[in-house]
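Report on the structure given below.
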Amino acid sequence: MSKEDVKANVTDPQAPNPVTIIGYTNEFSVQPGQDLHFMIDTGSSVYTANVVRLIGGMPDPDNSTFLPTEPVTADCAGEYPGRRQITAPGSYAELPLPGNWMQSGEFSAQLWIYPTVPVYDYIQTVWSARSADGTSGAALALETDGRLALSLTGGCGQSVTVRTDIPLKENIWYSVVLQYAASTQAAKLFVTSRDGWKADAGLQVHTAAANLDYSNVALARVLLAADSDPAAPGRTIHHYNGKIGNPRFWGELLPEELLSDVLLGTDGIGVVPLADYDFSVDIASTRLEDLSAGGYHGTLHQGGTRAVTSHNWTGKHLDYRHAPKQYAAVHFHDNDLVDAEWEIDISWKIPDDLPSGIYALKLEAEGSVDFIPFFVRPLQGTVSAPVLFLAPTNTYLAYGNERLFKFAKDYLGEDYVLPSQDVYLDEHPEVGNSIYDLHNDGSGVQFSSRLRPLLNIRPHYRNWRAVRHFSADLYITGWLEKRGQSYDVATDEDLHHEGVHLLSPYKVLITGSHPEYWTRPMMKALEQYLANGGRVMYLGGNGFYWVTSLEPDRPSLLEVRRGNAGSRASDSPPGELFHSTTGESGGLWRHHGYVPQRLVGVGTSALGGGSAAGYRRLDDSFKPEAGFIFEGIDENEIIGDFGHAAGGAAGDEIDRYDLSFGTPPHTLRLATSTGHDDNYQFVHEDQLHTAPGQGGTTNPLVRADMTYFDIHGGGAVFSVGSVNWAGSLGWNDYNNNVVRISDNVLSKLLL
């Protein structure tokens, strides 16, 4: 199909109807010959599926107009029966204790708990042990008023509950011992606070008479941070918010003279536990180490944050690897989600001759349209074009299902209408959050997974701030399509795994509009590529900003810990800066030696929104060595005072040239943005103290700089320093001065 025919093959993607169909893939990036799986959820009885190639961004995102696509012949296309899929968020741990643990009629347990919202809308289960039918066992839970309760149910249906007299406090460590003895017919609950100076820190002892028969109780499931769902075998309910540390279990009654030692967690108390968990072991994994001879090693499900401080943290060590025993805890959340675990509905083997590019499975049901995007790269080790577009999938994932739209009306007024995808997200918290959101206990979200529906990673989605991320990056690939430039596509995840070997064969590397989240292997790869004479077009802003990790055994899972600097949605709690998945210190890359100015000439300078600006040329742009860049551009012409993203090429998040931060001295500062208002504010990591005058109307550092510099060996870097450059590329059907400059640079770099 010719490019002239594209307008005849358009899709109306922004249907006014509510979202009635969603889905996700098992991979972002695939190669010819690989199988790709799609998981679909819809209430419709039937839906249609087709594969399309995405060849440009939305021509008019404000008016729900057409999305340019090309149809792809695919044997998976057709009509399918619809069905509902279940998403069950909430992290928990499974502990495979022996089924006969309680049958002697005497048992004890001790654990540390740190509730983050003890008073909550529903019961939060700290620990549960249930028979297969759920009618027998025990549970330790926070009741809705914050009181801790131990509930015991024997094999004949007898039950008893022991609870504290006063609610537990939030963000305080408590040591808890629970026990039952048939010989004394007593259930006991001992609770003491780790903060001994607090008024309620004294030992609480609660006892209830209980004649329970456990002789025939066979435990089927022992859980931390959740209870078994009696109505749905295998599922969990009543998830807990907070930390749990090092549970221990005994198949006997603990002697009273040892209780103080047990409550303090003292080692070597003289009574050998049936199971003795040490959460400080193998922190990077989902495995929970049992130190006992039984080896009843537990497993984390749906997340749970490790590398968090436990009850004995002294503050002397901030890296958990230096004092692992002080990080023997897991922070559970009732809205954690690592894998939606949906069943496969559609599979497609990528054809051997399918060109590299950005594709989507287009789904239609009851007037609603969804696109599930994926990226097809060449076979590993092969190259089919001189240009590589690196899709910033880590950024897509970091912002995946971001719910900051809840603040949109504060900025845009009550008349602002949410896109249908955001309405769906607001109504369906179960599909998980972005790392810009908070958990229900107020703690920052540190993980994001691609194994779930991601409603804002869609070609027809418009973020409340502007066209951003995936839908904006389609303007970059749309520009390449328009100029007839052959290009390959790869993802951040590909670069993370393959390093400089992925980049080396390409003459030119083009970034996306917002390559904010880079891993250390990616940073090293870029550094090596440039050192070898690589050529880069950095067509974005706020790039190379946050230290990011991909879980080695589960690369679908991204981890970011914000630290205590940078423009961030939440702080890292004291002592919890280091990533659990890799051991890296979180925070900004500039604090770890990878300063963006040293790599690409510019680095983050200001954040803003609402409006954007154009660039005016500077003296360096008139030097002979810059002449090729501005061929066809008038001397006084404003560059990019238009665009699909807030009306200008310089906006959203913007970067500046700065020799003091390592911009190469021979860098040409070609153009700079003008006219930013005070919605744009200077980044606070560049300020040593608070001060007035940090807005766009007063601070000269609130600007986007366009730069270019050569590299020894034939390389070069061209940077635009703005997230919004992509939105201006697509303006006026890719006929504008932003395109002209981009064309000029790419043509030169391809020589």
Any chance you could lay out the side chain to side chain contact (heavy atoms under 4.5 Å, CB included) test for Asn401 and Leu454, step after step, and finish with the verdict? CA-CA 6 Å; Asn401 290 350; Leu454 295 163; 4.0 Å; yes
Between Ile510 and Ile476, is a side chain to side chain contact (heavy atoms under 4.5 Å, CB included) present by the stated rule, with each step listed? CA-CA 9 Å; Ile510 298 178; Ile476 298 178; 4.0 Å; yes
Is there a ring pair (Phe, Tyr, Trp, His ring centres under 6.0 Å) between Tyr529 and Tyr506? Walk through the geometry before answering. CA-CA 10 Å; Tyr529 177 68; Tyr506 292 97; 8.6 Å; no
Give the intermediate values and the outcome of salt bridge (charged side-chain N to carboxylate O under 4.0 Å, His left out) for residues Asp41 and Arg84. CA-CA 5 Å; Asp41 171 70; Arg84 303 314 313 231; 3.0 Å; yes
Apply the test side chain to side chain contact (heavy atoms under 4.5 Å, CB included) to residues Thr286 and Asp553: give CA-CA distance (whole Å), side-chain angles for both, the deciding distance (0.1 Å), then the verdict. CA-CA 10 Å; Thr286 60; Asp553 296 327; over 6 Å; no
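With sequence neighbours left out, Pro429 forms a side-chain contact (heavy atoms from CB on, under 4.5 Å) with no residue at all. In this view, Val417 satisfies the side-chain contact (heavy atoms from CB on, under 4.5 Å) rule with no residue, not counting sequence neighbours. A search for salt bridge (charged side-chain N to carboxylate O under 4.0 Å, His left out) contacts involving Glu527 returns nothing, not counting sequence neighbours. Take Arg83 and apply the side-chain contact (heavy atoms from CB on, under 4.5 Å) test, not counting sequence neighbours, and it matches Gln85, Glu343, Asp345. Residues satisfying the side-chain contact (heavy atoms from CB on, under 4.5 Å) criterion with Pro355, sequence neighbours excluded, are Tyr359.
Residue pairs meeting the ring-ring contact (aromatic ring centres under 6.0 Å, His included) criterion with at least one member in residues 439-458, sequence neighbours excluded, are His333-His439.
No donor-acceptor contact under 3.5 angstrom links the side chains of Glu493 and Thr491, judged on distance only. A donor-acceptor contact closer than 3.5 angstrom links the side chains of Asn440 and Asp334. Of the N and O atoms on the side chains of Asp441 and Ser443, at least one donor lies less than 3.5 Å from an acceptor on the other residue. Residues Glu516 and Tyr399 have side chains that bring a donor and an acceptor to within less than 3.5 angstrom of each other. Of the N and O atoms on the side chains of His514 and Thr395, not one donor lies less than 3.5 Å from an acceptor on the other residue. There is a side-chain donor-acceptor pair under 3.5 Å between Asn542 and Thr604. Defined by atom type and a distance below 3.5 Å, a donor-acceptor pair is missing between the side-chain atoms of Ser513 and Trp725. Using modelled atom types, one finds a donor on one side chain and an acceptor on the other under 3.5 Å when comparing His239 with Thr236. Donor-acceptor pairing under 3.5 Å is recorded for the side chains of Tyr396 and Asp473. At a cut-off of 3.5 Å, with distance as the only test, a side-chain donor of Glu481 or Tyr487 sits close to an acceptor on the other residue. For the residue pair Ser384 / Asp488, a side-chain donor-acceptor distance below 3.5 Å is found, with atom types taken as modelled. Side chain to side chain, Asp422 and Tyr461 meet the donor-acceptor criterion of an N or O pair below 3.5 Å.
Taking every heavy atom of both residues into account, Val338 and Gly303 meet most closely at CG2-N, 3.3 Å. Minimum heavy-atom separation, Gly304 to Ser91: N-CB, 3.4 Å. Scanning both residues, Thr582 and Ser549, for their nearest heavy atoms gives OG1-OG, 2.9 Å. Taking both residues in full, the closest heavy atoms of Leu404 and Asp437 are given as N-OD1, 4.1 Å, listed atom of the first, atom of the second, then distance. Annotation for Ser580 and Ala307: closest pair CB-CB, 3.7 Å, computed over non-hydrogen atoms. Scanning all heavy atoms of the two residues, the minimum distance from Arg450 to Leu397 falls at N-CD1, 3.4 Å.
A salt bridge links Arg377 with Asp494; the closest basic N to acidic carboxylate O contact falls under 4.0 Å. The residues Arg468 and Asp652 are annotated as salt-bridged, a charged nitrogen and a carboxylate oxygen being separated by less than 4.0 angstrom. A salt bridge is absent between Glu559 and Arg306; no separation between the charged side-chain nitrogens and carboxylate oxygens falls under 4.0 Å.
More than 12 heavy atoms of other shown residues, nucleotides or ligands fall within 6.0 angstrom of atom NE2 in His592. Within 6.0 Å of CZ in Arg235 there are 12 or fewer heavy atoms belonging to other residues, nucleotides or ligands.
Looking only at side-chain heavy atoms (C-beta outward), Gln485 and Val387 come within less than 4.5 Å of each other. Using a 4.5 Å heavy-atom threshold, the side chains of Val308 and Tyr327 count as separate. Residues Leu599 and Tyr538 fail the side-chain proximity criterion, which asks for heavy atoms closer than 4.5 Å. Here the side chains of Arg561 and Arg568 are not in contact, with every heavy-atom distance at 4.5 Å or above. With contacts defined as side-chain heavy-atom distances shorter than 4.5 Å, the pair Val536/Val508 does not qualify. Leu388 has its side chain within reach of Leu503: a pair of non-hydrogen atoms, C-beta onward, lies under 4.5 Å apart. Looking at heavy atoms from C-beta onward, Ile55 lies out of side-chain contact with Thr69 at the 4.5 angstrom threshold. Using a 4.5 Å heavy-atom cutoff, the side chains of Ile654 and Val723 are not in contact.
Tyr475 and His644 have their aromatic ring centers within a separation under 6.0 angstrom.
For the pair Arg562 and Tyr436, the cation-pi criterion (under 6.0 Å, within 45° of the ring axis) is fulfilled.
In this structure, NE2 on His496 lies 5.0 Å from OG1 on Thr519, to the nearest 0.5 angstrom. The structure places CD of Glu576 at 11.5 Å from CG of Asp571, a figure rounded to the nearest 0.5 Å. Atoms CG and OG1, on Asp370 and Thr20 in that order, are 9.0 Å from each other to the nearest 0.5 Å.
Looking at Ile346, Ile22, Thr25, Val51 one by one, the single match for side chain to side chain contact (heavy atoms under 4.5 Å, CB included) with Ile372 turns out to be Thr25.
Ring geometry for Trp589 versus Tyr594: interplanar angle over 60°, hence perpendicular rather than tilted (30 to 60°). Taking the six-membered ring for Trp and thresholds of 30 and 60 degrees, Trp348 and Phe374 have ring planes more than 60 degrees apart, a perpendicular arrangement. Ring geometry for Phe375 versus Phe470: interplanar angle over 60°, hence perpendicular rather than tilted (30 to 60°).
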